[in-house]
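Presented below is the structure to which this report refers.
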Amino acid sequence: MSARRTEGGGRIDRARTIRFTFDGATYSGHPGDTLASALLANGVSLFGRSFKYHRRRGVLSAGVDEPNALVTILRGQAREPNIPATIVEIHDGLVAESQNRFPSLAWDVSAVNQLAGPLISAGFYYKTFMGPVIGPLKGTRFWMVCERFIRRAAGLGRAGAVPDKARYERMNAFCDVLVVGAGPAGLTAAKEAAEKGARVVLADIEPRLGGSANWSGEVIDGKPAADWAAAAVNDLRMADNVRLLPRTTVWGYYDGNTLAALERVSDHKQHPAKGEPRHRTWAIRAKSVVLATGALERPLVFPGNDRPGVMLAGAAERYANEFSVLPGQKVAVFTNNDSAYRAAHALRQAGAAIAAIVDVRTDISADMLDFAGKAETEMLTGHAVVATEGGKTLSGIKVQRFDAASGALSGEPRSIHADCLLMSGGWSPAIHLASQAGARAEWNEALQAFLPPKPNQKWTGAGAFTGAFSTTEAIEQGHAAGLAASGARSKHFDAPAVEAAPGAPGSEPVFEITAPGKSFVDFQHDVTADDVRLAHREGFVSVEHLKRYTTLGMATDQGKTSNVPGLAIMAAALGKDIPQVGTTRFRPPYAAVSLGSLAGERFGDLKPERLTPMHDWHLANGASMYSAGLWWRPQIYGHAGETIEQAYVRETKATRGSAGIVDVSTLGKIAVQGPDAAELLDRVYTNMFSTLAVGKARYGLMLREDGLAFDDGTTWRLGEQDFLMTTTTANAGKVMQHLEYFLDVVWPELKVTITSVTDQWAGAAIGGPNARAILAACVTGTAVDNATLPFMGIVHGEIAGVPVMICRLSFSGEMAFEVYCGADWGTHVWEALIEAGKPFDLVPYGLEALGTMRIEKGHVTGAEIDGRTTARDLHLDWMLSKKKPFIGSAMMDREGLVAADRLQLVGIVSLDNRPLNGGAHIVEELDEKNPHGSIGHITACCYSPSLGKYIALALVEGGKARHGSRAFTSDPLRGRFGPVEIVSHHFFDPEGSRMHG
């Protein structure tokens, strides 16, 4: 095949040549080229192999909807697979390779899969799970044989194994108006909103803003549309209140008008600038959004529609007009709508010969006939393409007379020589973001397409996104959308004059030509029309079931080209209309997002890092930190040469012997305020809080609606209508959501305000026999003696000049006090407590010592409140009020939740003086070779310095009845087996004399 770059035209920079490699061969292109356009210009037609059948595939589209031409980009040793060649901007040194082939793209041994078509049709993997009954291959045994081969064949590109050294960033943006899409509609909307003083962000997936204006060949305001768009972009670039984001895919629409976007900052550069990231993730919070995302062309479904050389008509028009590339020298066109005629005309002007225009319709407008005449081609109305011919690329097509009403073919097939076939099955507005925002898409019969739903967030649509396919309509809608989004009043608008090709936007409701041969619906996943009908015959009548059974629309292109044709074929099989069948809901991301961009500057984990106010002090004083939920907390304050166990044993002994201090800033803290605050607490806690006196705290337990334990903590009454609720560190967010749900949905009549104040308070818990003396040495403004500050009492005072709130409560089993102050003063107060504790040998202790003391005391945490336990299982039934209903009270006495053999909290003592392991099973009879018969499991374990033994808390069947009995720990994963004794979970000071002393 000869090179196909035209002599002139286009938007590429012919003054400079770029060299790149594809599959080891060197090619050249120009700035402005994509990898797809540059390869097409070099005569390359074969880009990849299909997923299942390994069929030869060429370029289908010219944008992000490309399902065939997926490549792997190599950056040194780093590999990034499954990138559409249609969005890769070429640069010097670019290295790309094709995928899913061996040993080469031209000769792929797995192409033999095409001979096994019936065996690997839709759902073959589900049927493999069930397996044939052949000798010993019964049940799932056949799957066990096939699994490793199927898994090895799964996927397309191969991920790299070396670390990614590229930089990634995350950014937040706030604006009055976010415009998504920079075509004529989006540019007009952004300009109108900016002129009204709104802060505007304009984002577009393409590197060159302007959208269809860059390749439509239209004239706007007396100048080429591309020049009109360039002038509009320049005006916006000069405005101080506008941020332009080219190469930016807005991929997610979330609640509160928050949208996620990915900016490809340096993918198009051989050498990024110093400090420049590769990708940047944007979280954009907008008061209003304008969606001007355009539309995507659909293919037609007919035998051989996947052969290299078959592409979308609109894509071919773009390659010719924007990139100066002819996808073929002798081009045929197959369509059910008017838009393909414009493409034929554009290719004829660019120098291609138009072999024929095949139109399923018989009633063609005079304008389209005139286009056909200008294209100097044969018109075949009432015909359809029934087959394609060729090997590595297209060599011809077969056409046959076709009745669009009945779908019947008649007459003898006729062959037409062509090296490229352009197809157009109509256009689907790109409503993905609107669908993500909520509500269901609406079917438009005239356009044979789904239109966006009615907004349930603050967004406005414009242009082809709304089904308005003419540039005049797009500009007018963009003007109205920009005004509406900026809150300005509508005004008279003199729209620019547009000289555009004629044509109606509707399409004939023809999606498939039924003829012998494979007709592909989803090109990337090799889903055929017969697969869709097979799914119907096997009972998968829901579109969601169809999607999962056939994998239609589940590839990296997310069904952008296959969705509507697949629904149409399913609807025909059901004997229904498309809107009756419905459509799957679009979900983020709209296009693939790099994992590095989601992590941003952080790496090694994908969680935010929350630090307490005293974090730097902990590091400076030898703390080993580890994550507890989202927080970083001290594990131990180790001395030189100490093991973790030695450190926490020392810290525990020092606390029980004199005093210790621990950072508890991470506890969830929720302000509950209002006339009905006490009533709310009575309803969400199992015990009573309306009787709690001001200046006192009470331990509380929450259940879920199903009667299972949810969370525990203390709540402090600071005033008649003012409470401070504390929660476990891990459940702070969940409890807040729990309260918000019941206030918003179940009890909206309650006059209560809840506010998360976790980050507003720094907290330190100081405990031990000398804890009160240490407080007395540094607290002013209040006494801390037993009369003034009894157990569960609250006082207000100052430490080192900082206002503090002190509550006497204990998690360690010692006399203990929690000291709260404003977060900004956390380290100041902490250091004052440390200084006051020096005469008493006060030690800071970490989570290991904290856990040790709570295990010795038998206090429960998230390890025991695991979503499966009840208050009775945890011996907290004393907290279940009989005087009032509460969340979960109606369900907590179900038969299964009060059974005698339920797992109950117990203590475990190691009898062989070896450490125990969390998660290990408890068994009555030990069988190391065949572990079985579990009666429970260990939830938390430690070495107890108070008992001098290894102990644990566990959940065991009929736990309380087993006190004093022997059992075994069985942990085959870690090879730990041994005898244990089951005892009460109260290991240490069960009377609480130390805590109350």
Side-chain angles (χ1 to χ4, degrees), residues 47-61 64-72 81-86 98-101 108 110-111 113-114 116-128 149-158 296 298-308 310 312 425 428 432 511-512 517-536 538 540 542-570 583-584 586-587 589-592:
F47 280 71
R49 292 280 180 163
S50 68
F51 167 64
K52 189 162 59 175
Y53 297 120
H54 287 251
R55 289 169 68 97
R56 298 183 180 98
R57 291 286 166 81
V59 173
L60 180 74
S61 76
V64 71
D65 51 334
E66 175 59 40
N68 289 340
L70 303 182
V71 300
T72 295
N82 301 330
I83 307 300
T86 49
S98 58
Q99 306 180 155
N100 205 41
R101 80 290 187 275
D108 179 17
S110 295
N113 288 359
Q114 297 176 57
L119 298 178
I120 54 176
S121 59
F124 79 92
Y125 32 81
Y126 295 116
K127 296 161 188 173
T128 305
F149 300 103
I150 293 176
R151 293 196 183 281
R152 187 177 298 172
L156 287 169
R158 178 170 57 88
L296 301 171
R298 303 188 293 253
L300 287 163
V301 180
F302 58 90
N305 63 340
D306 68 323
R307 196 179 301 278
V310 180
L312 296 172
S428 295
H432 301 68
F511 297 91
E512 181 194 8
K518 285 190 182 297
S519 303
F520 287 89
V521 183
D522 187 312
F523 291 83
Q524 192 175 133
H525 269 180
D526 276 344
V527 179
T528 66
D530 286 340
D531 287 331
V532 176
R533 283 185 281 270
L534 175 63
H536 167 257
E538 296 190 347
F540 295 92
S542 162
V543 293
E544 295 289 353
H545 293 158
L546 166 69
K547 176 179 178 179
R548 283 153 183 79
Y549 189 65
T550 65
T551 69
L552 174 68
M554 293 177 65
T556 60
D557 68 329
Q558 290 290 289
K560 291 180 177 66
T561 57
S562 62
N563 185 44
V564 172
L567 294 176
I569 296 169
M570 185 68 170
T583 182
T584 54
F586 297 108
R587 294 172 293 184
Y590 170 72

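By convention here, the first residue in the shown sequence is residue 1. Keep in mind that what you see is a predicted model, and the values were worked out from it rather than measured.
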Apply the test side-chain hydrogen bond (donor to acceptor under 3.5 Å, both in side chains) to residues D526 and S50: give CA-CA distance (whole Å), side-chain angles for both, the deciding distance (0.1 Å), then the verdict. CA-CA 7 Å; D526 276 344; S50 68; 2.7 Å; yes
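- Under the side chain to side chain contact (heavy atoms under 4.5 Å, CB included) criterion, R307 pairs with V310, T388, L394, sequence neighbours left out.
- Residues that satisfy the side chain to side chain donor-acceptor pair (under 3.5 Å) test with H525, not counting sequence neighbours, are T551.
- Between the N82 side chain and the G157 main chain, a donor and an acceptor come within less than 3.5 Å of each other.
- Minimum heavy-atom separation, L552 to G566: CD2-CA, 3.8 Å.
- Contact between T528 and F520 at its shortest, heavy atoms only, is CG2-CE2, 3.7 Å.
- Expressed to the nearest 0.5 Å, how far CG of L60 lies from OG1 of T86 amounts to 9.5 Å.
- In this structure, V543 and L567 have side chains that are in contact, with non-hydrogen atoms separated by less than 4.5 Å.
- Checked by atom type and distance alone, the side chain of K518 never pairs as donor or acceptor with a backbone atom of D530 at under 3.5 Å.
- Residues that satisfy the side chain to side chain contact (heavy atoms under 4.5 Å, CB included) test with P299, not counting sequence neighbours, are L312, M423, F523, T561.
- Put simply, the side chain of R49 never gets that close to the backbone of N100: no donor and acceptor are under 3.5 Å apart.
- Annotation: the span from I83 atom CD1 to L70 atom CG amounts to 8.5 Å, rounded to 0.5 Å.
- No side-chain donor-acceptor contact under 3.5 Å links E66 to the backbone of A85.
- Remark: D108 pairs with no residue by the salt bridge (charged side-chain N to carboxylate O under 4.0 Å, His left out) rule, at least two apart or across chains.
- When all heavy atoms of A529 and V521 are compared, the closest pair comes out as N-CG2, 3.6 Å.
- Contact between A591 and V64 at its shortest, heavy atoms only, is CB-CG2, 3.6 Å.
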The test is side chain to side chain contact (heavy atoms under 4.5 Å, CB included); show your working for T556 and Q524 and say whether it passes. CA-CA 8 Å; T556 60; Q524 192 175 133; 2.9 Å; yes
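- Closest non-hydrogen pair, S98 versus F47, comes out as CB-O, 3.5 Å.
- How far CE of M570 is from NE2 of H536: 6.0 Å, rounded to the nearest 0.5 Å.
- For T550 against V527, the heavy-atom pair with the smallest separation is O-CG2, 3.1 Å.
- Under the 30°/60° scheme for interplanar angles, the aromatic rings of F586 and H432 are found to be tilted.
- The salt bridge (charged side-chain N to carboxylate O under 4.0 Å, His left out) test applied to R587 returns no partner, not counting sequence neighbours.
- Legend: residues meeting salt bridge (charged side-chain N to carboxylate O under 4.0 Å, His left out) with D306, ordered by chain and number and at least two apart, are R55, R57.
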